[in-house]
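First the proteins, then the strands, lettered A, B, ... as listed; each starts at 1.
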Amino acid sequence: MEDVIIMTMKKTNWIIAGIILACCLAIALSAIGMTVNQKTSAEGISPGPGISTVQGQLDSLALDATMPNSPESVRVPSVISVDIVQKGDDRISMAVANSIPSSSDAPLLAEKVLESYGGLPKDARLIDAVPRYQYKYNLTTNAVEEEYPWQTQVRYIQVLDGRSVIGTTINLGLKENGELGSLVKIWPAYGKGKVIKVVPAQRAYEKFKAYETTEKIQGNIPGGSKISNITLGYQLYGTWNSETKEPYLKPVWIFSVVTPADPEPFPLMVDAAA
Amino acid sequence: MERTTYAKVLSGLIIVCMLMLPVSAYQFSMTNVENYDSLTNLYPYGTNSHAYVYNWLTGQGWSQAFYETDANVDDTDFATSGGGLNNADFHYHFGHGDYISGTTYVQYKNWPTSYLVRTEVNKKWGTSLISANKWVVLDACWVLYDLQWGSALRFSHGILGFASLKNVNANLPSSFLQNCIDNNYNIAYAWQRATQTVLAGNNHLVRVIFDTQDQLSNDHLPGHGTVAASELIDDDTIYYAEWRT
């Protein structure tokens, strides 16, 4: 009788061990990507297109801007290097602060912070300084119940020969007393380059209406939107785009689009090279 | 088998299980609509985005719960009937989004015939404490302009997206996941840094919505830091933050 019990226990032990082993195998197979539900695997990255069309209502957008005078040509310097800085501690950055700098105080505090990163470049133009909060929002009443000071965002863009360079940034999040929460800096340095002819603003506007913009957008431009400004500028390519070999500049006509939903202008660019 | 030998084998198997479980238990899913019937095609940006998501997360031992593209993407992927993204810890959606008269839409291939609106997913994400889903990225224009998308969060933790127009860029998911994985940044900060870098100077309004403030400030990808507790009793409030690129 005792022998039978021992045999049964041995069998049970092997069954348990077998089940655990089967579980391990199933987990291992899952870990190496052999799940039943998996339909597709991805390995390569195909190159993205260059200038491409944009879906939207660009041809029906109201033009609420004067057509600027167009220079025949523009200097397009070569990009020698790009100063890329990413600083910040996620625990500090995402924490609620006791207080944050006001819009008027923040630019000076930002300049102080930037002293540790080469100082505020002379070719920087302040975009804005905006106190940001974390909000507690009631979904039933559709109202903000509480707001918690988070960071004051200070943004700069690079200006070259008086023209904005889209793709450049100094973007700071300042905490209490101007302490740095986060910093992203993308700032090119330039060489000589060349002078190239540019298309007139009116011709660029025709291209714009035909959706020939340099970037695709992932949605429609709402009805009631308008073009609030048209300026000649530059667009920086290749700093954060692994599909491009070296960073370079292109002259672009910048169409600032203001939508009913977002009071701030959204830049849509058209290649300005003739 | 001797009892001691059996104990050793059993212990070995348990140790193997303990080693395997943390890297194999997590799943991600993705929906990618990049070829549209009446909207601008976004190919190959969705395909490239998927490649980055796939490579980063499988590199961490995650497995892919599902990957649906174009006409195969529909409401069920967004858990309108249970399942769908609830089967994965992390879901990434790529495609067009729209804003019309105060309502925002996730646009499917045959827009305007079919689309997703937030009322279809009310309290549908993370339907139980054991539901896998914690985070959803909506890589599309406009969708999070409407804060009521936060009502999708039952036990899920957060939604990352945009409240304005946005430019397409496949480097966004790569930068985001690199921040989460290589730098161990919390999820909201990883999204902030990725958007401010990849979409620099384009004045996008970026928004994150979380169920609790603890999740907003402290959620990390599993294995890369803490994950805050899920909200046990739904108080019908959400926490959000926003910034510009």
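Contact annotation for A:Q153: only side-chain heavy atoms (C-beta onward) come within less than 4.5 Å of a heavy atom of chain B. Heavy atoms closer than 4.5 Å to chain B are found in the side chain of A:Q151, but not in its backbone. Both the backbone and the side chain of B:E242 come within less than 4.5 Å of a heavy atom of chain A. For a residue to count as touching a neighbouring chain, one of its non-hydrogen atoms must lie under 4.5 Å from one of that chain's; by this rule B:Y145 touches chain A with the side chain only. Neither the backbone nor the side chain of A:V165 comes within less than 4.5 Å of any heavy atom in chain B. Neither the backbone nor the side chain of A:T141 has a heavy atom closer than 4.5 Å to any heavy atom of chain B. Only the backbone of A:T168 comes within less than 4.5 Å of a heavy atom in chain B; its side chain stays farther off. Of the atoms belonging to A:E146, not a single heavy atom falls under 4.5 Å from chain B. Heavy atoms closer than 4.5 Å to chain A are found nowhere in B:N183, neither backbone nor side chain. For A:Y133, the part sitting under 4.5 Å from any heavy atom of chain B is the backbone (N, CA, C, O) and nothing else. Heavy atoms of B:Q107 lying under 4.5 Å from chain A belong exclusively to its side chain. Residue contact with chain B, scored on non-hydrogen atoms closer than 4.5 Å, involves the side chain of A:V144 exclusively. Proximity to chain A is limited to the side chain of B:W142, based on heavy atoms less than 4.5 angstrom apart. For B:I238, the parts lying under 4.5 angstrom from a heavy atom of chain A are both the backbone and the side chain. At a 4.5 Å heavy-atom cutoff, A:Y156 makes no contact with chain B through either its backbone or its side chain.
Listed for the B:N203 side chain is no donor-acceptor partner under 3.5 Å among the backbone atoms of B:R244. B:H204 places a side-chain N or O within donor-acceptor distance of the main-chain N or O of B:N167, the cut-off being under 3.5 Å. No donor-acceptor pair closer than 3.5 Å links the side chain of A:Q134 to the backbone N or O of A:V96. A side-chain donor-acceptor contact under 3.5 Å links B:N55 to the backbone of B:A51. Formation of a donor-acceptor pair under 3.5 Å by the B:D219 side chain with backbone atoms of B:A228 is found in this model.
In terms of heavy-atom pairs under 4.5 angstrom with chain A, the leader among B:S151, B:S174, B:G95 is B:G95. Ranked by non-hydrogen atom pairs under 4.5 Å with chain B, the options A:G88, A:A95, A:G167, A:A261 are led by A:A261. When each of B:Y105, B:W111, B:F94, B:Y36 is checked for heavy-atom pairs under 4.5 Å with chain A, B:F94 comes out on top. When A:M269, A:K87, A:K185, A:Q158 are compared by the number of non-hydrogen pairs under 4.5 Å with chain B, A:K87 comes out ahead. Between chain A and the residues B:G201, B:G150, B:G225, B:C141, the most heavy-atom pairs under 4.5 angstrom are made by B:C141.
There is a side-chain donor-acceptor pair under 3.5 Å between B:D236 and A:T140. In the model, B:Y189 has no side-chain atom that pairs as donor or acceptor with a side-chain atom of B:N179 under 3.5 Å. A donor-acceptor pair shorter than 3.5 Å can be found between the side chains of A:N142 and B:Q148. Using modelled atom types and a 3.5 Å distance limit, the side chains of A:R125 and A:S164 yield a donor-acceptor pair.
With sequence neighbours left out, the salt bridge (Lys or Arg N to Asp or Glu O under 4.0 Å) criterion links B:D235 to no other residue.
Side-chain rings of A:W150 and A:Y135 stay apart, their centers remaining 6.0 Å or farther from each other. Aromatic rings from B:Y185 and B:H224 are positioned such that their centres are separated by 6.0 Å or more.
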Side chain to side chain contact (heavy atoms under 4.5 Å, CB included), that's the test. Do A:V270 and A:F255 meet it? Break it down for me. CA-CA 8 Å; A:V270 169; A:F255 293 80; 3.7 Å; yes

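The side-chain hydrogen bond (donor to acceptor under 3.5 Å, both in side chains) test with A:R155 is passed by exactly one of A:N171, A:D128, A:T169: A:D128.
In terms of heavy atoms, A:Q86 sits closest to B:R193 at C-NH2, 3.4 Å.
Note that OG of B:S29 is 10.0 Å distant from CH2 of B:W62, once rounded to the nearest 0.5 Å.
Annotation: residues 208-218 of chain B contacts chain A through B:Q213, B:L216, B:S217 [non-hydrogen atoms, separation under 4.5 Å].
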